[in-house]
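Each remark here refers to the structure printed beneath this line.
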Amino acid sequence: MKHSTNSEIASRLRETAALYEMDDVAFKPRAYEKAALGIEALDEEAGEIFRARGREGLEAIPGVGRGIAEHIEEMLAHGVFNEYERLKKKVPVEVLELMAVEGVGPRMVKMLWQKLKVRTLRDLEHAARAGKIRKLSHFGAKSEANILRGIEFLKQSGGRRVLGVALPEIERLERSVREFPEVDEAVVAGSVRRRKETIGDIDILAVSKNPKRVMERFLALPEVAHVYASGETKTLVRLTNGLDADLRVVPSESFGAALNYFTGSKAHNVALREMAIKKGWKLNEYGLYKAQILKLKSQNHNSKLKIKNIQIAGKTEEDLYRKLGLVYIEPELREMMGEIEAARNNTLPKLIGYGDLRGDLQVQTDWTDGDNSIEEMAAAARKAGLEYIAITDHTRSLAMTGGMDEKKLLRQMAEIHALNSKIQNTKYKIRVLAGAEVNIRKDGSLDIVDEVLAKLDVVGAAVHSHFKLSRAEQTKRLIRAMENPHVDMIFHLTGRLINKREAIELDIEEIIRAAKRTGTVLEINASPERADIKDEYIKKCVEAGVKMVIDSDAHAISHFAFLSFGIAQARRGWAEKKNILNTLSLSQFLKHLKNTTGSE
DNA sequence: GCCGTTTTCGGCCCGACTGTTTTCAGTCG
């Protein structure tokens, strides 16, 4: 039958957790939840792990023991497992679908099913509209209205947003909060701070001595569309743009602990708390605490014992990690991909910095589908702090973009050379390289002849069609392109467009081996919807010693700003400066390409 | 059901907010 993917396994485990919770079983729900988190954090498919290392491999996954390993094995073979089916038979309800409604959890699902036979989201909506829910004990008109609103929101929200698209608005909101007179400090935490390629909501942390007033000002912002909850220290709202935003206010002595807590990831936080417990301490969003026993004299001369918690860290994140015996862990690494172990052993990578790029090797112009001329792009790149760029317009197979043939490429090359001579005598100190984004045909051949490729400074090859080939065919196709002695790098390897188009199927291990063997560079495409290659592949490249570049894929002068998202992506993949070739000076960079053309 | 630099048994992350209740369970992050 079907073999389950990690996300299918994780959601089945989550559903099992909910079913156990409804059954009033203790501790199992948390165990299944934890196992789901462990599966989600994997950088390899569970199916692969099982094929390679069997049951033992599965049991090595954090949160997975003998029992759940058996369930996973069953899921890999049949998509479901016996215990799940047994539970589901008892409560034949679409638990996950119902729990997706804000404010609805397992207990509520159980009650709704028992009393009103609610099994699906549709049933729930009907029951609420018919006014049946308010009549249940422990429910009222308010709960019913909240459920209806939750269903509405669920219908509208398109799930997670692409970071690069949402970030400008998020930063505007952050600035608004920072400018409240009572706010001493405000910062966006959560997945935005971890720079995940997509984000689910916005977590803002603020320091203030007057939280009440801060909350009032926040609720009065024009972008607040609905208030889910609002208290002294925590407010949760829906914004007019459809995103949810969470504002927390803490005192300054708790800023580091709160920042750490609200940055996540959740699994990372739980691991830190467990470390604290092992040391006999307690970690929460207000700080790291040590219990101190105080002797109090009472009136009848018997002494009474009282426990007082003393804060031992929490004003800064650095403090917190240090006290726990760890070196500071950058937010982009807090995904439980081995960062805690590495921090303990002081073997964390020294991540590439946000100002480390000196070049950009994928830039489009108005010769094809870009908005600006070569010179305009060069000037914008210079303004963005770059020392060199490669002009890489599309080649002819992409007729829709006005793709270039050999003749047009040679003409463009001449123009670039002329521009470089002209630039030498101006204030712009930028070097423009002649390149191309050459199209990889279905069979792995290229649509520009080798003699012309040989004349270019930089050749990037990319897939723009036949996205549905089998894994084996697709892998072979790309390896053939990498074997071309003129192809310096592969642009946006997997072709994914987040929320729009799936990645092509590839044997990534084999691709990385081929890149290493042929000396081909893999691009980290910084265009927010691409973020291609993804973090776990970057980590594999780092481990394999495959070099990468970070490119903006700019189609307009404003697009050089994308580079920071590419750097974030590289950092999430544990990349150091030395792994990314365009942190080098131009002459050093060119030495790493397959054929240096001598134009340097 | 998972896990072990206190443990192979006996623990299991922690606090805020809501709604419907009279002291708290459920939900969320």
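So you know, we letter chains A, B, ... as the sequences are listed, proteins then strands, and number each from 1.
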Starting from [atom2] on [N], measure out to [atom1] on [X] and report it in whole angstrom.
X	N	atom1	atom2	value
R30(A)	dC12(B)	CZ	P	8 Å
L283(A)	dG15(B)	CG	C1'	12 Å
R248(A)	dG15(B)	CZ	P	11 Å
D246(A)	dA16(B)	CG	P	13 Å
K142(A)	dC17(B)	NZ	C1'	12 Å
R238(A)	dG29(B)	CZ	P	11 Å
K34(A)	dC3(B)	NZ	P	8 Å
H268(A)	dC14(B)	NE2	C1'	16 Å

Both distances below 3.5 Å, Watson-Crick or wobble geometry, any strand: find the nucleotide opposite dC14(B). dG29(B)
How would you summarise protein contacts on nucleotides 22-27 of chain B per nucleotide, using B for base, S for sugar-phosphate only and - for none, with heavy-atom distances below 4.0 Å? ----SS
[M] and [N], which share atom name [atom1], separated by this distance in whole Å:
N	M	atom1	value
dC17(B)	dT21(B)	C1'	15 Å
dT6(B)	dC14(B)	C1'	22 Å
dA16(B)	dG10(B)	C1'	29 Å
dG11(B)	dT22(B)	C1'	33 Å
dT7(B)	dC12(B)	C1'	13 Å
dC13(B)	dT8(B)	C1'	23 Å

Can you see whether [Y] has [X] sitting over its ring - NZ or CZ less than 6.0 Å from the centre and within 45° of the normal?
X	Y	value
K534(A)	Y537(A)	yes
K115(A)	W113(A)	no
R12(A)	Y84(A)	yes

Of the options [options], whose atoms approach the side-chain atoms of [X] most closely?
X	options	answer
R273(A)	dT20(B), dC13(B), dC2(B)	dC13(B)
I68(A)	dG1(B), dG15(B), dG19(B)	dG1(B)
E274(A)	dC13(B), dA16(B), dG15(B)	dC13(B)
N284(A)	dA16(B), dC13(B), dG15(B)	dG15(B)
I277(A)	dG19(B), dC14(B), dC17(B)	dC14(B)
K234(A)	dG1(B), dC28(B), dC14(B)	dC28(B)

Is the distance from OP1 or OP2 of [N] to the nearest side-chain N or O of [X] less than 4.0 Å?
X	N	answer
K28(A)	dG1(B)	yes
S230(A)	dC17(B)	no
N146(A)	dT18(B)	no
T235(A)	dC17(B)	no
Y286(A)	dA16(B)	yes
K282(A)	dG15(B)	yes

Quick check on DNA chain B: between V227(A) and N269(A), whose nearest nucleotide comes earlier from the 5' end? N269(A)
Mapping K266(A) and Y228(A) onto DNA chain B by nearest heavy atom, which one lands closer to the 5' end? K266(A)
Show the nearest heavy-atom pair for residues R194(A) and E335(A), with the distance to one decimal. NE-OE2, 2.7 Å
Measure across F255(A) and V207(A) and return the closest heavy-atom pair with its distance rounded to 0.1 Å. CD1-CG2, 3.2 Å
Roughly how far apart are [X] [atom1] and [Y] [atom2], rounded to 0.5 Å?
X	Y	atom1	atom2	result
H268(A)	R273(A)	NE2	CZ	11.5 Å
D203(A)	D201(A)	CG	CG	4.5 Å
E232(A)	N210(A)	CD	CG	9.0 Å

Donor on one side chain, acceptor on other, Y20(A) and E83(A), under 3.5 Å: yes
Across the strands shown, which category fits [X] at heavy-atom distances under 4.0 angstrom: base, sugar-phosphate, nothing?
X	value
Y32(A)	sugar-phosphate
Y20(A)	nothing
D201(A)	nothing

Is F27(A) stacked on the base of dC2(B) when the test is centres under 5.5 angstrom and planes under 30 degrees? no
Any idea if dT7(B) is syn or anti, going by the 90°-from-0 cut? syn
Looking at E56(A), I'd like to know if its CD atom is crowded, meaning that more than 12 non-hydrogen atoms belonging to other residues, nucleotides or ligands lie closer than 6.0 Å. no
